[in-house]
Amino acid sequence: TDGGAYLPKAGIELEGINLHAELAGDRLLITDLELHSGPGNISGRGEVVFDHWNFDKYQLRINGENFQVVDFPELQVLCDPDLTLSGTSEAMSLQGSVMIPVMTVKGNPITPEILPSKDVVIAKLDKQRDELNFATDIHVVVELGDNVTVNSGGLNTHLSGGAIITMGTTGEVFAQGEVELVSGSYKAYGVKLQIRQGVLNYKGGAITNPDLRVFAAREVGDVLAGVQVTGNAEAPVVTLYSKPTMPERDILGYILMGRA
């Protein structure tokens, strides 16, 4: 076959879809699978095994280079997968690695939040997640390449590092690893501060909620004055920080005007 498809949720168009398969006894051998998206492609080989013509199990090995998985103005992602997908009607396994050579996150700077008083408690409604109706064994090592950038919400930086991705029984995605903000700047109080330290630390929890350790500052002579972000993505804690230590009003003075 030779076909194509548009995936609106990812904004990508699959082209040059080719699948060659042949029956060999109780096996359907996938001798060649090829998909093109953006500047790259993926290819695969595998088999589907039947037991008296009832589905029994499957395995598919996938490799690719510069395959576009997301294509929106605000988010573009290319990947180099090296994955093995296998399973039965009751279980699914995904093992291997994915290199992300290119990822671009863009967006307009957001307006600073007006934080509530510390006495205000915000309650979140936890939605019950249904368990998947099949077992999962997902273990994928994701690495960031040299062209991964973020320019959004006042943040302009390169990212490096990676994480091990796994999945729970309810389909929630977990991560363990570290992503570093490499140089760049962060806009606070209308001033562009240089990133001195930036780490997103994943400790095996939800991929959307890493621990934060970010320090962005303005340097004036021997003084560093800026903001420090700690906590996690769901509950970040932003504080003023300086070296040497000084009152907050003086830190703000150095950030805004370059003097106390």
Side-chain angles (χ1 to χ4, degrees), residues 9-12 38-40 62 64-83 94-110 112-113 136 138-168 170-188 192-217 224 226-239 241:
K9 288 190 175 181
I12 62 172
I62 300 170
E65 185 175 0
N66 289 326
F67 185 80
Q68 187 133 27
V69 291
V70 182
D71 186 13
F72 293 119
E74 65 275 14
L75 177 62
Q76 298 200 9
V77 183
L78 305 184
C79 75
D80 300 349
D82 182 6
L83 300 169
L94 182 63
Q95 309 287 321
S97 63
V98 175
M99 165 66 77
I100 300 178
V102 178
M103 182 174 76
T104 304
V105 182
K106 297 179 181 178
N108 294 324
I110 57 175
E113 290 186 54
T136 60
I138 295 179
H139 187 279
V140 178
V141 178
V142 176
E143 295 183 49
L144 302 181
D146 296 331
N147 195 9
V148 177
T149 62
V150 177
N151 188 357
S152 177
L155 178 65
N156 188 353
T157 186
H158 283 75
L159 303 181
S160 69
I164 298 172
I165 307 299
T166 57
M167 180 181 285
T170 59
E172 189 174 11
V173 180
F174 303 105
Q176 184 160 2
E178 195 169 88
V179 173
E180 183 180 357
L181 281 64
V182 183
S183 66
S185 63
Y186 176 70
K187 196 170 186 179
K192 187 179 291 187
L193 305 175
Q194 295 303 306
I195 295 174
R196 300 283 174 155
Q197 180 189 52
V199 176
L200 310 180
N201 194 2
Y202 297 90
K203 296 181 178 180
I207 194 171
T208 55
N209 192 34
D211 288 344
L212 307 175
R213 192 167 72 251
V214 181
F215 175 50
L224 279 178
V227 294
Q228 184 170 258
V229 184
T230 55
N232 55 49
E234 291 185 357
V237 178
V238 182
T239 56
Y241 177 87

Report the C-alpha separation of Tyr186 and Val214 in whole Å, then their side-chain angles, then the decisive distance to 0.1 Å, and conclude whether the side-chain contact (heavy atoms from CB on, under 4.5 Å) test is met. CA-CA 10 Å; Tyr186 176 70; Val214 181; over 6 Å; no
side-chain contact (heavy atoms from CB on, under 4.5 Å) evaluation trace for Ile164 with His139: CA-CA 7 Å; Ile164 298 172; His139 187 279; 3.5 Å; yes
side-chain contact (heavy atoms from CB on, under 4.5 Å) evaluation trace for Met103 with Leu75: CA-CA 7 Å; Met103 182 174 76; Leu75 177 62; 4.2 Å; yes
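Between Gln76 and Gln68, the shortest heavy-atom distance links the atoms OE1-NE2, 3.8 Å. In terms of heavy-atom proximity, Ser183 sits nearest to Thr157 at O-OG1, 2.9 Å. Minimum heavy-atom separation, Ala216 to Leu193: O-CD1, 3.7 Å. Closest of all the heavy-atom pairs between Cys79 and Pro101 is CA-CD, 3.8 Å.
Separation of atoms CG (Leu159) and CG (Leu181) is listed at 5.5 Å; rounding is to 0.5 Å. The CD1 atom of Ile12 sits 8.5 Å away from the CG atom of Asp71 when rounded to the nearest 0.5 Å. Distance CG/Asn147 to OG1/Thr149: 6.0 Å, rounded to 0.5 Å. One distance of note links CD of Gln194 with NZ of Lys192; it measures 8.0 Å at 0.5 Å rounding. Annotation: the span from Thr239 atom OG1 to Gln228 atom CD amounts to 4.5 Å, rounded to 0.5 Å. Note that the CG atom of Asp80 and the CZ atom of Phe67 stand 11.5 Å from one another [nearest 0.5 Å].
Between Leu78 and Glu65 there is no side-chain heavy-atom pair separated by less than 4.5 Å.
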Under 3.5 Å, sequence neighbours excluded: what are the donor-acceptor pairs made by side chains of residues 195-203?
from	atom 1	to	atom 2	distance (Å)
Arg196	NH2	Glu219	OE1	3.0
Lys203	NZ	Asp211	OD2	3.3

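Put simply, the side chain of Asn209 gets close to the backbone of Glu234: a donor and an acceptor are under 3.5 Å apart. The closest donor-acceptor contact from the side chain of Asn156 to the backbone of Gly184 lies at 3.5 Å or more, if one exists at all.
For Phe215, the ring-ring contact (aromatic ring centres under 6.0 Å, His included) partners are Tyr241, not counting sequence neighbours.
Of the candidates Leu144, Val148, Val142, Leu144 is the only one forming a side chain to side chain contact (heavy atoms under 4.5 Å, CB included) with Val179.
In this structure, Glu178 places its CD atom where more than 12 heavy-atom neighbours from other residues, nucleotides or ligands lie under 6.0 Å away.
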